[in-house]
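Owing to the predicted nature of the structure, the values given are computational and were not obtained by experimental measurement. These values consider heavy atoms only, across backbone and side chains, with no hydrogens, waters or symmetry-generated copies.
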Amino acid sequence: MLLNIIICEDNEELRMYYQLMIKDYIKKHPNISMKIILSTGNPNDVSIYMESHPNDIKFFLLDIEFPDSKIKGIDLATKIRQQDLNSKIVFITTHEELTTLIFDRKVEPLDYIAKEIGLDGIKKKLYQDLDITIERLIPSSDQNVEKFNFKIGSKKYAFDINQINYFESSENNHNVFLHSTNELIEFPDTLKSIEDRLPNFYRAHKSLLVNPNNIKSVDSKEHKLVFKDGTTCDVARRKLAALKKCLNK
C-alpha cells in the first residue's frame with residue numbers, strides 16, 4: 001500500500017525544506033511505499049485532491065494559517081477529518097494560540113510542531129510522526145515484502161521488489177540504474193549479477209532487465225513495454241514472443 005503524503009504550506013521556502021526532509025526519509029525507508037503526491041501553498045488544491053482520492057492512505061503536513069486564502073488550515077483539517085477518519089494530520093505553525101480550536105473541532109491531529117524549534121527540530125519530530133504513521137496505517141505484510149539488496153559505497157539498501165519496474169545498465173557497464181515506481185537509483189552492479197539473484201525478472205534487452213509483475217501491456221508495434229505506473233521502456237524485437245509467453249503464464 002502506498003502512503004500518500006500531502007504538504008500544504010504557503011511559505012514556498014519552508015515548503016521546499018519540508019519536501020527535502022520527507023524525500024530524505026523516503027530514501028532511508030526503501031521498503032515502504034511512500035510518495036509526496038501533492039505539495040502546495042493553496043488549501044483548495046488539497047480539497048480537490050481529497051474529493052478525487054477518498055480511499056488513499058494519507059499523511060497531511062499542514063500550516064494553520066494561509067494569509068492569501070479564504071480557507072484556514074484548521075477549516076481544511078476539519079474537512080479532512082470529516083471525510084477521512086484514518087488519515088494522519090500534523091500541524092506545523094507559529095500559531096500556538098489556535099491549539100485550543102484544534103481540540104474543539106475534534107480534528108485529532110497526530111502532532112503539533114512549532115516552527116520556532118528550528119529546521120533540525122522539525123525534521124526530528126516529522127520523522128517520528130512518519131514512523132508512527134507507518135506503524136499504524138501500513139499493514140505489517142506490506143512492510144515485510146521481498147527485498148532487493150544492494151550497496152552504494154559502504155551503505156546498504158533493501159528495496160521493495162514490487163516497486164521495481166526495471167534495471168538498466170549504464171553506458172560504462174560498471175553501474176546499473178534501478179527504475180522504480182517513484183525514483184531512479186544508480187549503484188555499482190551488473191545486469192548479469194542481478195539476473196542471477198532475481199530469476200523471475202526478464203531480460204527484455206541486452207541493457208534491460210524488467211519486472212514482469214509490473215508490466216501493464218506490450219506495444220508490439222513500437223517495441224515498448226508499458227508499466228502499471230504509465231512509464232515505458234524498450235524491448236528487443238526478438239524478445240517479444242518469449243516475453244508475451246512469460247506474461248501469459
Side-chain angles (χ1 to χ4, degrees), residues 1-23 25-26 29 32-117 121-143 181-182 228-230:
M1 291 185 178
L2 178 68
L3 176 61
N4 297 271
I5 300 171
I6 299 95
I7 304 170
C8 193
E9 161 66 60
D10 63 317
N11 184 308
E12 185 175 1
E13 184 177 0
L14 286 176
R15 189 166 69 248
M16 292 301 296
Y17 276 123
Y18 302 156
Q19 286 180 212
L20 291 173
M21 290 176 188
I22 293 174
K23 286 180 178 179
Y25 181 90
I26 292 173
H29 297 78
I32 306 296
S33 298
M34 296 177 278
K35 187 174 184 178
I36 299 175
I37 206 74
L38 176 64
S39 181
T40 180
N42 186 348
N44 285 306
D45 294 339
V46 179
S47 296
I48 293 171
Y49 169 80
M50 284 291 297
E51 292 171 3
S52 59
H53 297 80
N55 299 317
D56 288 356
I57 298 176
K58 308 177 204 62
F59 175 91
F60 293 91
L61 184 63
L62 306 177
D63 197 351
I64 288 185
E65 286 290 307
F66 300 98
D68 297 328
S69 173
K70 293 181 180 180
I71 301 178
K72 295 183 181 296
I74 186 64
D75 296 327
L76 177 61
T78 301
K79 184 177 180 179
I80 290 170
R81 185 55 72 220
Q82 289 171 346
Q83 295 182 13
D84 188 344
L85 296 176
N86 297 316
S87 63
K88 299 304 177 186
I89 300 173
V90 171
F91 286 111
I92 182 163
T93 186
T94 57
H95 298 277
E96 295 184 16
E97 72 277 6
L98 297 176
T99 53
T100 301
L101 184 58
I102 292 172
F103 290 102
D104 289 344
R105 294 283 190 91
K106 312 298 182 186
V107 172
E108 299 180 355
L110 174 64
D111 201 358
Y112 181 100
I113 303 176
K115 291 180 180 178
E116 288 83 357
I117 66 175
I122 290 172
K123 182 177 181 179
K124 182 178 180 180
K125 294 204 68 176
L126 182 56
Y127 282 17
Q128 291 172 348
D129 294 335
L130 285 167
D131 285 342
I132 293 171
T133 298
I134 290 169
E135 180 182 337
R136 295 180 182 178
L137 294 184
I138 305 298
S140 57
S141 58
D142 282 13
Q143 299 181 40
T181 55
N182 55 27
K228 294 175 182 178
D229 63 355

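- The number of heavy-atom neighbours closer than 6.0 Å to NZ of Lys23, taken from other residues, nucleotides and ligands shown, is 12 or below.
- In this structure, Lys123 NZ and Leu20 CG are separated by 9.5 Å, a value rounded to the nearest 0.5 Å.
- By the 4.5 Å heavy-atom criterion applied to side chains, His53 and Ile37 are not counted as neighbours.
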side-chain contact (heavy atoms from CB on, under 4.5 Å) evaluation trace for Leu38 with Phe60
CA-CA 10 Å; Leu38 176 64; Phe60 293 91; over 6 Å; no
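- The two residues Pro43 and Gly41 have their closest heavy-atom pair at CD-O, 3.6 Å.
- Using a distance-only test at 3.5 Å, with no hydrogens or angles considered, a donor-acceptor pair links the side chain of Tyr127 to the main chain of Met21.
- Using a 4.5 Å cut-off on side-chain heavy atoms (C-beta onward), Lys115 and Leu14 make contact.
- The main-chain N or O of Asn44 is found under 3.5 Å from a side-chain atom of Asn42 such that the two form a donor-acceptor pair.
- Considering CD1 of Ile5 and CG of Leu126, their distance stands at 8.0 Å, rounded to 0.5 Å.
- The shortest side-chain heavy-atom distance between Leu137 and Phe59 does not fall under the 4.5 Å cut-off.
- Contact of the Val46 side chain with the Thr40 side chain is registered, since non-hydrogen atoms from C-beta on lie closer than 4.5 Å.
- The shortest distance between side-chain heavy atoms of Asp56 and Tyr49 falls below 4.5 Å.
- Of all non-hydrogen atoms in Ile113 and Lys125, the two that sit nearest each other are CD1-CB, 3.9 Å.
- Looking only at side-chain heavy atoms (C-beta outward), Glu51 and Lys79 come within less than 4.5 Å of each other.
- In this view, Lys88 satisfies the side-chain hydrogen bond (donor to acceptor under 3.5 Å, both in side chains) rule with no residue, not counting sequence neighbours.
- At a threshold of 4.5 Å between non-hydrogen side-chain atoms, the residues Ile92 and Tyr18 count as touching.
- Interatomic distance, CG of Asp84 versus CD1 of Ile89, reported as 8.0 Å (0.5 Å rounding).
- For the atom pair CG (Asp45) and CG (Leu76), the distance works out to 10.5 Å, reported to the nearest 0.5 Å.
- Between the OG atom of Ser87 and the CZ atom of Arg81 there is a distance of 4.5 Å, given to the nearest 0.5 Å.
- Within a 6.0 Å radius of OH in Tyr17, other residues, nucleotides and ligands contribute 12 heavy atoms or fewer.
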Show, in sequence, the C-alpha distance, side-chain angles and deciding distance for Cys8 and Arg15, and conclude whether the side-chain contact (heavy atoms from CB on, under 4.5 Å) test is met.
CA-CA 8 Å; Cys8 193; Arg15 189 166 69 248; over 6 Å; no
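- Nearest heavy-atom pair, Ile122 versus Ala114, reported as atom, atom and distance to 0.1 Å: CG1-O, 4.3 Å.
- Atoms CG and CG, on Asp229 and Asn182 in that order, are 9.0 Å from each other to the nearest 0.5 Å.
- Looking at Ile134 and Met34, their side chains come closer than 4.5 Å, going by heavy atoms from C-beta outward.
- Remark: of the listed residues Thr93, Val107, Leu62, Val107 is the sole one forming a side chain to side chain contact (heavy atoms under 4.5 Å, CB included) with Ile74.
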Could you give me the CA-CA distance, side-chain angles and deciding distance for Gln19 and Ile7, then say whether side-chain contact (heavy atoms from CB on, under 4.5 Å) is met?
CA-CA 8 Å; Gln19 286 180 212; Ile7 304 170; 3.7 Å; yes
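- Nearest approach of Leu110 to Asp129, heavy atoms of both residues: CD2-O, 3.5 Å.
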